[in-house]
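See structure below.
For the single chain, residues carry numbers from 1 onward in sequence order. We use all heavy atoms of the structure for the numbers below, so side chains are in, but hydrogens, waters and symmetry mates are not.
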Amino acid sequence: MPEVSQDARKGLPVPVVTIKLPAAFHVLTGGQRQIPVEGDSIREVLVGLDRSCPGLLERIMGPEGSVRRYVNVYRNDSDIRDLNGLETKVENQDVVWIVPAVAGGSRMARA
């Protein structure tokens, strides 16, 4: 179980969350399915994830700094888009899920 670490700048505990990643990202994580990362918000956690696994952030966030449309990010069971977006606060032992959006299907031909 991840422990709370100390933020040297403030002397305050920094939450450690677990990020769970889909198979599509495993090539960038060396096969890891989950990674512990420190941060106070979703944005800080995602930046920390990119420090551990360079290249992940550009797949999750667009150049304008928001989560890409085809990626969903959840804090525990809540979509961050329904909370405070990237500024959503996290707590120790939260789980952040990165999930590619599922879309598509086929139109049935009309007879």
Side-chain angles (χ1 to χ4, degrees):
M1 196 83 52
E3 297 294 322
V4 176
S5 67
Q6 293 291 320
D7 182 339
R9 295 167 294 154
K10 302 176 197 166
L12 300 173
V14 176
V16 177
V17 303
T18 299
I19 298 183
K20 297 208 176 195
L21 299 153
F25 292 155
H26 293 175
V27 69
L28 295 171
T29 67
Q32 294 181 81
R33 296 177 180 197
Q34 57 185 34
I35 299 174
V37 181
E38 295 180 353
D40 289 318
S41 68
I42 295 293
R43 182 182 307 277
E44 288 182 16
V45 165
L46 293 178
V47 168
L49 175 65
D50 194 62
R51 279 194 295 274
S52 298
C53 305
L56 271 175
L57 193 60
E58 67 188 40
R59 297 206 182 180
I60 298 167
M61 294 174 62
E64 72 288 343
S66 62
V67 175
R68 293 184 183 276
R69 289 185 325 159
Y70 56 84
V71 176
N72 296 311
V73 179
Y74 296 88
R75 186 196 68 200
N76 300 320
D77 294 328
S78 301
D79 188 329
I80 65 163
R81 290 180 175 106
D82 296 333
L83 301 171
N84 290 325
L86 290 168
E87 303 315 314
T88 299
K89 295 295 182 192
V90 295
E91 296 181 11
N92 197 45
Q93 298 183 6
D94 276 352
V95 176
V96 175
W97 297 82
I98 312 283
V99 182
V102 178
S106 63
R107 295 181 186 223
M108 298 186 62
R110 293 187 178 177

Apply the test side chain to side chain contact (heavy atoms under 4.5 Å, CB included) to residues Trp97 and Val73: give CA-CA distance (whole Å), side-chain angles for both, the deciding distance (0.1 Å), then the verdict. CA-CA 6 Å; Trp97 297 82; Val73 179; over 6 Å; no
By side-chain contact (heavy atoms from CB on, under 4.5 Å), which residues pair with [X], not counting sequence neighbours?
X      : answer
Gln32  : Thr29, Ile35
Arg68  : Pro63, Tyr70, Val71
Glu58  : none
Pro100 : Pro22

For [X], all residues meeting side chain to side chain donor-acceptor pair (under 3.5 Å), sequence neighbours excluded:
X     : value
Ser52 : none
Gln34 : Lys20
Asp94 : Asn76

| Atom OG in Ser78, atom CG in Asn84: separation rounded to 0.5 Å? |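 Between atom OG of Ser78 and atom CG of Asn84 there are 11.5 Å.
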Leu49 CG to Glu44 CD distance, which is reported to the nearest 0.5 Å:
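Going from the CG atom of Leu49 to the CD atom of Glu44 covers 13.5 Å.
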With Leu56 as reference, evaluate Leu46, Ile98, Leu28 under the side chain to side chain contact (heavy atoms under 4.5 Å, CB included) test and give the passing residue.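 Exactly one option meets the side chain to side chain contact (heavy atoms under 4.5 Å, CB included) with Leu56, and it is Leu28.
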Which atom names give the shortest non-hydrogen contact between Asn72 and Tyr74, and what distance separates them?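 So the minimum-distance heavy-atom pair works out to CB-CE1, 3.6 Å.
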Q. What is the minimum heavy-atom distance between Pro15 and Val90, and which atoms define it?
A.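 Scanning both residues completely, I find the closest heavy atoms to be CG-O, 3.5 Å.
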- Path from Val17 to Leu83 over hydrophobic side-chain contacts below 4.5 Å: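 Different clusters: Val17 never reaches Leu83 through Ile, Leu, Val, Met, Phe, Trp or Tyr contacts under 4.5 Å.
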*Donor-acceptor contact below 3.5 Å, side chain Asp50 vs main chain Gly55*: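 Confirmed, Asp50 side chain pairs with Gly55 backbone.
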Ile42 versus Val96: any side-chain heavy-atom pair under 4.5 Å?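 The answer is yes, as the side chains (C-beta and beyond) meet within the 4.5 Å cut-off.
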Practice item. Return each pair, listed once, that meets salt bridge (charged side-chain N to carboxylate O under 4.0 Å, His left out) where at least one residue sits in residues 78-90; pairs must be two or more places apart or across chains. Key: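 For residues 78-90, and leaving out neighbouring residues, the salt bridge (charged side-chain N to carboxylate O under 4.0 Å, His left out) pairs sorted by first residue read Arg43-Glu87.
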